[in-house]
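One structure is given below, encoded as structure tokens.
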Amino acid sequence: MGAGLEPDAGYEDLVRERREAILSRLEEACARSGRTTSEVLVEAVSKTVGPEAVVAAMRAGYEAFGENRPQELVRKLDALSAAGIEAPRFDMIGNLQTNKINQVLGRAHLIHSISSSHLAEAVSKRAERGGLRVPVLLECNVSGEASKSGFSPDEARAAAEGLAALPGITLEGIMTMAPAHDADAARRTFSGLRELANDLRRRTGLGLPTLSCGMSDDFTIAVEEGATLVRLGRIAFSSDYAL
Ligand SMILES: *Cc1c(COP(=O)(O)O)cnc(C)c1O
């Protein structure tokens, strides 16, 4: 196993040590908020590293990975299977253009980045054509920053029922990104996401179990505010990221 994709031993140790540090912070955040670690999936964002690093992360215990570009998601899956490694779960977490939808259909386990009704409809249509029903999250711009894409909370509330009825997608929850370098704003963003999910549950009657929020700099805050999936890139993979 792993022929051609053997990670450097020192790097494998780094990824393992990082995972231990991440899990102990996760445990502390869960203890502070009366939650259990089994409620939170730690997804490794592998967008800046190669397939060898994914192998190192799999050995360290990660079971789910996130990629932000369709070509890269497909490249990683293909590299792993060419090396005889059973590919783990890969999620699509980045901006998805409609002309790239077919690349990730049937290959991404979950699409986190459904940022508009237009995109939801396009994914649904292509999935139906392929006889699929694709699990998705709505990307919501809770912080209201102009630089961020996604549904505003009002747009999400207005669109939810219609999106829930689309035949080619299954709404599994919602996703957001918090403002950088501002812990208070991050907390407000994550608690806002949790409240928005409650509104959307009432409107759609769906369970919407997944709250995808929290990255390297803010995942412990996200967990305290109810995240069920955190997306960790630099802290999991980069020795340049200070713990
Ligand atoms: C890159 C990325 C992450 C991970 O960010 P880090 O700060 O490196 O942990 C999470 N979510 C999305 C959508 C990303 O593009």
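Position 1 is the first residue of the sequence; numbering continues from there. Just so it is clear, the model here is predicted, and its values are computed rather than measured.
With contacts defined as side-chain heavy-atom distances shorter than 4.5 Å, the pair Ser113/Leu119 does not qualify. Side-chain contact between Glu128 and Leu166 is absent, with no heavy atoms from C-beta onward closer than 4.5 Å. Annotation: side chain of Glu139 is not in contact with side chain of Ser212 (no heavy-atom distance under 4.5 Å). A heavy-atom distance below 4.5 Å is not found between the side chains of Thr48 and Ser238. Residues Asp240 and Arg234 are not in side-chain contact: their nearest non-hydrogen atoms beyond the backbone lie 4.5 Å or more apart. Residues Glu72 and Lys47 are not in side-chain contact: their nearest non-hydrogen atoms beyond the backbone lie 4.5 Å or more apart. Side-chain contact between Val74 and Phe90: absent, with no pair of heavy atoms (C-beta onward) separated by less than 4.5 Å.
Summarising the geometry, atom CG belonging to Asp78 is positioned 12.5 Å from atom CD belonging to Gln71; distances are rounded to the nearest 0.5 Å. Taking CZ from Arg126 and CD1 from Ile169, the interatomic distance works out to 13.0 Å, rounded to the nearest 0.5 Å. How far OG of Ser149 is from CE of Met177: 6.0 Å, rounded to the nearest 0.5 Å. One finds the CG atom of Leu26 at 9.5 Å from the OG atom of Ser38 (value rounded to the nearest 0.5 Å). For the atom pair CD (Glu67) and CG (Leu77), the distance works out to 8.5 Å, reported to the nearest 0.5 Å. Rounding to the nearest 0.5 angstrom, the gap separating the CD atom in Glu43 from the CD atom in Glu63 is 11.5 Å.
Listed here is the closest heavy atom pair of Leu232 and Ser216: CD2-N, 3.8 Å. Here the closest heavy-atom approach between residue Phe151 and residue Ile114 is recorded as CE1-O, 3.3 Å. Looking at every heavy atom in both residues, Gly106 comes nearest to Leu132 through N-CD1, 4.0 Å.
Comment: Arg16 engages Glu12 in a salt bridge, judged by a side-chain N to carboxylate O separation of less than 4.0 angstrom. At a threshold of 4.0 Å, the pair Arg59-Glu6 counts as salt-bridged, since one of the basic side-chain nitrogens sits closer than that to a carboxylate oxygen. Residues Arg187 and Glu225 are paired through a salt bridge, judged by an N-O separation under 4.0 Å between the basic side chain and the carboxylate. With respect to the salt-bridge test (charged N to carboxylate O, under 4.0 angstrom), the residues Arg202 and Asp199 qualify.
Cluster annotation: Val55 and Tyr11 are assigned to the same hydrophobic cluster (Ile/Leu/Val/Met/Phe/Trp/Tyr, side-chain heavy-atom contacts under 4.5 Å, transitive). Linking Ile, Leu, Val, Met, Phe, Trp and Tyr whenever their side-chain heavy atoms come within less than 4.5 Å leaves Ile174 and Leu41 in two separate clusters. Residues Val45 and Ile111 fall into different hydrophobic clusters, defined by Ile, Leu, Val, Met, Phe, Trp and Tyr side chains chained together at heavy-atom separations under 4.5 Å.
Relative to the ring axis of Tyr62, Arg19 places its NZ or CZ within 45° and under 6.0 Å from the centre.
Distance alone, capped at 3.5 Å, is enough to place a donor-acceptor pair between the Lys76 side chain and the Ser46 backbone. At least one donor-acceptor pair under 3.5 Å links the side chain of Thr228 to the backbone N or O of Leu211. Here the side chain of Thr176 pairs a donor or acceptor atom with the backbone of Cys140 at under 3.5 angstrom. Using a distance-only test at 3.5 Å, with no hydrogens or angles considered, a donor-acceptor pair links the side chain of Asn141 to the main chain of Glu145.
The residue from Arg194, Arg201, Glu195 that alone fulfils the side chain to side chain donor-acceptor pair (under 3.5 Å) condition with Asn198 is Arg201. Exactly one residue among Arg231, Met92, Glu172 makes a side chain to side chain contact (heavy atoms under 4.5 Å, CB included) with His112. That residue is Arg231. Each of Thr210, Val40, Ile93 was compared with Leu229 under the side chain to side chain contact (heavy atoms under 4.5 Å, CB included) criterion, and only Thr210 meets it.
For NZ of Lys125, the number of neighbouring non-hydrogen atoms (other residues, nucleotides, ligands) closer than 6.0 Å is 12 at most.
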